[in-house]
Amino acid sequence: MFFIILFGVVSLFSDMTHESVSSIRGAFLSIVGASAATIGFISGLGELIGYGMRYVFGRIADRTGRYWPMVILGYSLELIAVPALALVGEHGWIAACALLIVQRMGKAVKKPAKDTVMSFASFQIGQGKSFAIQELLDQIGAFLGPVLLYVVMLFRTSGTTFERYSFCFAVLLVPALITFLLLLLTRTRFPHPERFEPTPTEYVPFRMRRKFIYYILGIGLFAFGFIDYALIVMHLSRQGLFSDASLPLIYAGAMIVDAFSALIFGFMFDRRGALALVLSTLCSVAFPVLIFGFSSSVPVLLGVAMWGIGMGAQESILKAAVATMVPKQSRATGYGIFECSFGLCWFLGSWLFGVLYDFNLTAMIVLSMLAQLAAVPLYILSYRAK
């Protein structure tokens, strides 16, 4: 439990850094010259690289057993790229996109190894509970980061909007450095986390079983239909319902919903299994129509809260389910396949929704909702096979 909490605090400061960027990414890219289709494409491409490469790094982690070096390298790339956005020029949307891709690559390097060492500790506590606690701490950071940006933008009234955003990125160097120091402390305190799960650790090739295939198809549909927040924040910025300074605060609210929904559904997963996956999907499925189908603040904020529920499920119980399906000896590969599939589908969905946003908003809303609902029967089939 101490390991889970300490690693969760590392994630807290890490999320303060990179989730702050997520709260203003779409608006920032729009300011520096990117179109809606470009924002959708880059958001999806970032997720494709960030998730797709996890299969490769998952296999490397399984074969070498060197989980900590992978985690530290991934965090380093991720934490360097975010403050570097402060150096992007006023029309440097290409450079900004490149840094965002580097940030997602860092996540690709670290995530399979990180989720695997977390799953070792969850062996003694419960998969749903462990990943829920991790996600709760994660999302406290994801809440505090955008709040920090809100405060910075509130007091930094001089200069253009671009200059205020650049200053915000520079401020994020502080939580980035704290993250790295805490990560080294955790590595020193727990050099062999694989010992939490006392089963053989020799490499065993991954086998694709029927239950896992159903599950991958289900999470693929969910990812395809789950609209990236970059497109949401760009929409809110264009609609003018909220001020630029309040956009990080809205994202912070979504992260609080994310944190507590992850905790609730994580505990439910340990008791009810597939029911937690089904209920979390049904609770979030209507967010596209509320956010993109209304022009008043109340339904939009409700839609953002429902989006937060979906994110909570994605970051906790979707990962916990993999730990119940894949043996320890090839689990990093299992996480790599899971996240590669998720990222590919998210890329395709984000790109398509970015195009549809400009041409047919109704089609975008309907397609998003149908794809998420189509995941539900596949979750059920997966657990029946299990």
Cluster companions of Leu177 among Ile, Leu, Val, Met, Phe, Trp, Tyr (side-chain spacing under 4.5 Å): Leu173
Ring centroid separation Phe120 to Tyr67 under 6.0 Å: yes
Side-chain heavy-atom pair Pro288, Met364 within 4.5 angstrom cut-off: no
Atom pair CD1/CG of Ile72 and Leu77 - distance to nearest 0.5 Å: 12.5 Å
Leu221 with Leu370, same ILVMFWY side-chain cluster at under 4.5 Å: no
Thr160 backbone acceptor or donor facing Glu163 side chain under 3.5 Å: yes
Leu172 versus Met16, closest heavy-atom pair with distance: CD2-O, 3.7 Å
Straight-line distance of Leu373 CG to Phe222 CZ, nearest 0.5 Å: 11.0 Å
Val285 side chain near Val376 side chain, heavy-atom distance below 4.5 Å: no
Over all atoms of both residues, closest heavy-atom pair of Cys97 and Leu29: SG-CD2, 4.0 Å
Expected output: side-chain Ser296 to main-chain Val298 donor-acceptor under 3.5 Å: no
Heavy-atom side-chain proximity of Tyr215 to Leu381 below 4.5 angstrom: no
Donor-acceptor contact below 3.5 Å, side chain Ser11 vs main chain Asp138: no
Aromatic ring proximity Phe28/Trp93, centre distance under 6.0 Å: no
Trace of the side-chain contact (heavy atoms from CB on, under 4.5 Å) decision for Phe3 with Val117: CA-CA 10 Å; Phe3 172 77; Val117 298; 4.2 Å; yes
Side chain to side chain, Phe287 and Ile227, heavy atoms closer than 4.5 Å: yes
side-chain hydrogen bond (donor to acceptor under 3.5 Å, both in side chains) contacts touching residues 348-364 (sequence neighbours left out): His235-Tyr357, Trp346-Ser350
Nearest-0.5 Å distance, OH of residue Tyr150 to CZ of residue Phe155: 9.0 Å
In one Ile/Leu/Val/Met/Phe/Trp/Tyr side-chain cluster, 4.5 Å: Leu73, Ile80: no
Residue pair Leu290 / Pro299: nearest heavy atoms and the distance that separates them: CB-O, 3.4 Å
Joint cluster assignment, Leu181 & Val174, ILVMFWY side-chain distance < 4.5 Å: no
Partner of Glu78 by side chain to side chain donor-acceptor pair (under 3.5 Å), out of Lys107, Arg104, Lys110: Lys110
Atom CZ of Phe242: over 12 foreign heavy atoms under 6.0 Å: yes
Path from Leu87 to Leu79 over hydrophobic side-chain contacts below 4.5 Å: no
Any donor-acceptor pair under 3.5 Å from Ser14 side chain to Val10 backbone: no
CA sep, side-chain torsions, deciding dist, call: Phe167, Met153, side-chain contact (heavy atoms from CB on, under 4.5 Å): CA-CA 9 Å; Phe167 183 74; Met153 294 179 78; over 6 Å; no
same_hphob_cluster(Val32, Val102) at 4.5 Å side-chain heavy-atom cutoff: no
Non-hydrogen side-chain atoms of Ile309 and Val257 separated by less than 4.5 Å: yes
Rounded distance (nearest 0.5 Å) linking atom CD of Glu90 with atom CD1 of Ile31: 9.5 Å
Tyr229/Tyr251 aromatic ring centres below 6.0 Å: yes
Phe13 and Leu182: CA distance, side-chain angles, deciding distance, side-chain contact (heavy atoms from CB on, under 4.5 Å) verdict: CA-CA 9 Å; Phe13 282 98; Leu182 286 172; 3.5 Å; yes
Check: Ser382 side chain, Lys211 main-chain N or O, donor-acceptor pair, under 3.5 Å: yes
Ile219 to Ser341 - nearest heavy-atom pair and separation: CD1-CB, 4.4 Å
Criterion side-chain contact (heavy atoms from CB on, under 4.5 Å) on Phe224 and Leu367, from CA distance to verdict: CA-CA 9 Å; Phe224 179 84; Leu367 183 59; 4.0 Å; yes
Phe212-Phe338 aromatic ring centre distance below 6.0 Å: no
Side-chain heavy-atom pair Val82, Gln103 within 4.5 angstrom cut-off: yes
Closest non-hydrogen atom pair, Ser261 against Gly308: OG-O, 3.8 Å
Ring pair (Phe, Tyr, Trp, His ring centres under 6.0 Å) between Trp68 and Phe7, intermediate numbers included: CA-CA 12 Å; Trp68 274 121; Phe7 217 162; 5.6 Å; yes
Donor-acceptor under 3.5 Å (Ser280 side chain, Leu277 main chain): yes
Side-chain touch Gln372/Ser284, heavy atoms, less than 4.5 angstrom: yes
Atom pair CG (Leu99) and CG (Leu85), whose distance is rounded to the nearest 0.5 Å: 5.0 Å
Any Ser368 side-chain heavy atom under 4.5 Å of Phe353 side chain: yes
Separation of Leu236 CG from Leu231 CG (nearest 0.5 Å): 10.0 Å
Atom of Gln134, atom of Ile4 and distance for their closest heavy-atom approach: OE1-O, 3.8 Å
